[in-house]
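Written out below as C-alpha cells is the structure these notes cover.
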Amino acid sequence: MPDASAPSTDAPSIAPLAADDVRDEVVTLLRQLVSCDTSNPPGHETQALAIIEAFARDAGLDTERVVKEDDRANLIVRLRGSGGGPSLGFLGHLDVVPVDREDWSEEPFAAVERDGAIWGRGTVDMKCQVAATTVALARLARAGFEPRGDIMLILVSDEEVGDAEVGAPHLVEARPDLNPDFVIGEGSGERYDTPVGPVYLLDCGVKRSCPVTITALGETGDASLPDIKRNAIHELGRLIGRLEAWESPTVVVPELEGMLDVLAPGVEGDEERVAIARRAHPGLDQVVGALTRTTFQPVTLESPEPLNVVARRATMQVQAIALPGVTRAQVEAEVREALGEGHYELEVEEPAGGLITSPDSPLRDAIEAFLAEHDPEAQLVPALGYGFADCHLMREHYDSTTYGFIPFRNADPMQNLATKHGADERIEVEDLVFQTQAAHFVAQRIGQLTA
Ligand SMILES: [Zn+2]
C-alpha cells in the first residue's frame, strides 16, 4: 500500500480535459454501448466489450480478454505503467437489467438524445462510467501520459444476476495476479443538495446479503371444503403481512458516524441523528434509511400443490440485506421476532459481503482534489453502499482499496434512484462529461504516485 498522498512533482502532467473537447467522443461511445442490448439474462456482453476493445486499441492501450463463455467475456484494458507506483482499476460491468418496454417513453436501446440527456437502459447503471473511463484512458494514452503503476479498466459481464460465474467471480479466479492497489467501481455518486450544502457519498463497502427462505406449513385436504384444513397459503399471507409491518431497529455502524456528523451536526441520539439525516434530502431518506437497519424484501412465492388440494406448503424467498458485522444467527433471530408465532419453517443462509475499505487513502484524496477543482462547494462524505456490487470481490480477492463512486454532478438524485433499474433511465450529457473529467483527473493523480 503506497503512503504518498500527493502527486510527486517530477512526473509530467497532462492538461485537464475540457468539456467541449471531449463531449462528442464520450457521447458517441456511450450511444454505441447502449445500442448493444446486453440485458441479463442472457447478457451477450461480448458485443459491447468488442466496441471498447477496438476503441482502446485504436488509442494504443493494451487489451486482454478473460473468457469463460465466449458470449460473456470480460476485458482488461491497460495503460502500462513504467513501474514504481500503485495500480488503479476502474471496475465496470457491461450487462444491464431487462426492460419493460411499455413503461418507457423512448426505445430503451436506441440511445436517443433528448432534453440534454442520453436515454436508454444502462445509461446510469453503468455504461456511462464504462464510456467515461474508456475515453479518459484513451485521452491519457494519446497524450503520451506514462503512469508509474498500471491504470486499468476491468470490465466484467454478469454483474446484475451474478450466478453464471462468468463475470467477476471468473476474472478473480483466472487472474489472481491482477491485484489492483486501488479500484473505483459503482455504488454512490449522486449529488444531494442538503441543508449543510451539497454532498456526495463515497461508498466504502456494501451491506451483507442474506437469503432467507420461509416455508409456511398447512395440512393437505380437499380444496372444495374451505374450513377443513389449514391452508399454507393463508398462513404465508399472515407471515408476509407481519414482515411488511416489521420495523427493524435503527443501528449506526462505526462507518456511518462521519456521515451522520455531517448531515446531523451536534445532534444527540442515534434515532434522532438518523431521522435528521434522512430529512436532509428525499434521496438520503431512502439511502440513509437503508444503511441504518436490516431490510427484508420478499422476492419470490411458490406453492407446488395441485389445484384441487389445500396447499400443504407455501414458500417465500426473502432478501435480507444486513449491516456489516451482522451474523446469520442475528438475522434469524430478527426474522423470528418479526414473524411471531405461526406454522412455518425458516432457513437463513450465511450472509455474504460486508467488507469495508478504510475511507482514508490516496484514492479518496484524489477524488476530493477533483471535486475541489470542479465542484468546490460540495463535500465528499464516506459512507456505505446499500446494494451488492462487484467491488466486494476486489476487496475480498485482492484486498484492493475499493470505493463505489460515479459522480453525477447535475442529475436529480431521485431520477437516478427511480430509473436505474426501472423505466426511462437516462444520463445528462454534462454528467457524462463530468465523469470523464473525473476519471481523467483521478487516473492521472494516482498514476503520478510513487510506491
Ligand atoms: Zn450496476
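Both ligands and their constituent atoms are indexed starting at 1 by order of listing. For reference, positions follow the sequence shown, starting with 1.
Ion pairing between a basic and an acidic side chain is recognised when a charged N comes within 4.0 Å of a carboxylate O; Arg65 and Glu53 show such pairing. By the 4.0 Å N-to-carboxylate-O rule, Arg142 lies close enough to Glu25 to be salt-bridged with it. Comment: Arg426 does not engage Glu106 in a salt bridge, judged by the lack of any side-chain N to carboxylate O separation of less than 4.0 angstrom.
Rounded to the nearest 0.5 Å, atoms CZ (Arg364) and CD1 (Ile184) are 13.5 Å apart.
Other residues, nucleotides and ligands contribute over 12 non-hydrogen atoms within 6.0 Å of the CD atom of Glu107.
Protein atoms that are N, O or S and lie under 2.8 Å from the Zn ion (ligand 1) are these: His93 NE2, Asp125 OD1, Glu186 OE1, Glu186 OE2.
No option in Lys127, Arg121, Glu45 other than Lys127 meets the side-chain hydrogen bond (donor to acceptor under 3.5 Å, both in side chains) test with Thr38.
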